[in-house]
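Here's the structure, in structure tokens; my notes come after.
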Amino acid sequence: MKILILGAGKMGAFFTDLLSFDHEVAVLEKDPRRLRFIYNAVRMQSPEEIREFDPSLAINCVTLNHTIEAFEEILPFLKPACIISDVASVKTNLQAFYSACGLPYVSTHPMFGPTFANLGNLEKENTILIREGDYLGKIFFKDLYDRLKLNVFEYTFEEHDRVVAYSLGIPFASTLVFAATMEHQDAPGTTFKRHMKIARGLLSEDDYLLTEILFNPRTPRQIERIQQELSDLQDMIRRRDTVAMKTYLAGLRKKIET
């Protein structure tokens with residue numbers, strides 16, 4: 001199969017490496033510096049080059065704020081049967097775009113970031129496959145993710161953004177607050193060092209990735225939950241309420257065991 005990948009960032013490079021030995025792959029990337037690390041694939045810097053390549057599948061790996069723009073730029077050079085796809089972490093506005101564009105589509109979200117995940121062993125990682133979309137496109141990605149031994153979950157567009165607001169919005173916001181309030185430690189404890197490792201990993205991610213997760217329209221509600229929990233915890237600490245604290249901790253232990 002001829003596969004076009006848009007963007008040579010972390011995820012674009014990941015899919016290129018993953019697919020280029022079994023398929024004919026081309027990568028469209030306007031920044032020539034990123035193309036230096038692309039091997040075993042056709043390198044493109046202009047959308048006009050797509051027509052001659054004639055892909056059957058296009059995987060959009062650019063950042064969310066440019067996802068629809070990147071699609072619109074390549075649509076004139078794709079044949080009607082070409083399946084277009086994205087791996088965006090927030091699907092806001094994508095469903096409407098797909099419905100209007102007239103091409104078959106498939107949407108997925110690998111729930112592992114290249115910063116934290118071991119890309120050589122993804123057996124314990126998860127990915128989401130959006131229920132709406134082209135049947136053959138979904139089969140392609142399902143087979144690909146099964147081969148990587150990923151745990152595949154299927155959600156609608158709406159369900160996906162709700163899940164992401166909870167599963168990424170809360171830890172992202174909590175980690176950023178930790179980083180904002182931390183002070184240098186000459187002799188940090190184990191827990192502090194672990195939190196620091198997470199914070200450094202998160203902050204090494206692209207600003208647009210962090211922004212698109214936090215700007216998910218459903219994320220503010222999750223941050224409100226964090227604020228309420230912190231307020232309740234602060235109140236218990238201020239009152240030195242041992243009984244309430246024991247009840248609180250017991251409830252938390254029960255929650256994380258389920």
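Positions are given from 1 along the sequence.
- More than 12 heavy atoms of other residues, nucleotides or ligands sit less than 6.0 Å from atom CZ of R239.
- Counting heavy atoms from C-beta outward, I68 and F97 have side chains that approach closer than 4.5 Å.
- You'll find the side chain of I3 stays beyond 4.5 Å of the side chain of P55, heavy atoms only.
- Counting heavy-atom neighbours within 6.0 Å of R131 CZ, excluding the residue itself, gives a total above 12.
- When only modelled atom types and interatomic distance are considered, T92 and N216 share no side-chain donor-acceptor pair under 3.5 Å.
- In the model, Q228 has no side-chain atom that pairs as donor or acceptor with a side-chain atom of R225 under 3.5 Å.
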Exercise for the section: Could you go through the side-chain contact (heavy atoms from CB on, under 4.5 Å) check for T127 and F141 one step at a time? Expected result: CA-CA 10 Å; T127 189; F141 279 98; over 6 Å; no
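- Between the side chains of Y39 and S20, not a single donor N or O lies within less than 3.5 Å of an accepting N or O.
- Across all their heavy atoms, I170 and I226 have their closest contact at O-CD1, 3.9 Å.
- Ion pairing of R218 with E158 is present here, as a side-chain N (NZ or NE/NH1/NH2) and a carboxylate O approach within less than 4.0 Å.
- Around NZ of K142, the count of heavy atoms belonging to other residues, nucleotides or ligands within 6.0 Å does not exceed 12.
- In this structure, F178 has its ring center closer than 6.0 angstrom to the ring center of F192.
- Taking the six-membered ring wherever Trp is involved, the centroid distance between the rings of F140 and H23 falls below 6.0 Å.
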Practice task
Applying side-chain contact (heavy atoms from CB on, under 4.5 Å), run through H109 and Y155 and close with a yes or a no.
Solution key: CA-CA 10 Å; H109 178 194; Y155 295 118; over 6 Å; no
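- A donor atom on one side chain and an acceptor atom on the other are found under 3.5 Å apart for S107 and D86.
- Between D54 and K2 there is no salt bridge, since none of the side-chain N atoms of the basic residue sits less than 4.0 Å from a carboxylate O of the acidic one.
- Residues L57 and S85 form a side-chain contact, since some pair of their non-hydrogen atoms from C-beta on lies under 4.5 Å apart.
- In this structure, N40 and V25 have side chains that are not in contact, with every pair of non-hydrogen atoms separated by 4.5 Å or more.
- Here E159 does not pair with K91 in a salt bridge; the nearest charged N to carboxylate O distance is not below 4.0 Å.
- Taking 4.0 Å as the cut-off between side-chain N and carboxylate O, E257 and K254 do not count as a salt-bridged pair.
- Enclosure of atom CD in E52 is not indicated, since only 12 or fewer non-hydrogen atoms of other residues, nucleotides or ligands lie within 6.0 angstrom.
- The shortest distance between side-chain heavy atoms of L176 and L214 falls below 4.5 Å.
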Exercise for the section: Give the intermediate values and the outcome of side-chain contact (heavy atoms from CB on, under 4.5 Å) for residues D143 and I139. Expected result: CA-CA 6 Å; D143 289 345; I139 291 296; 3.6 Å; yes
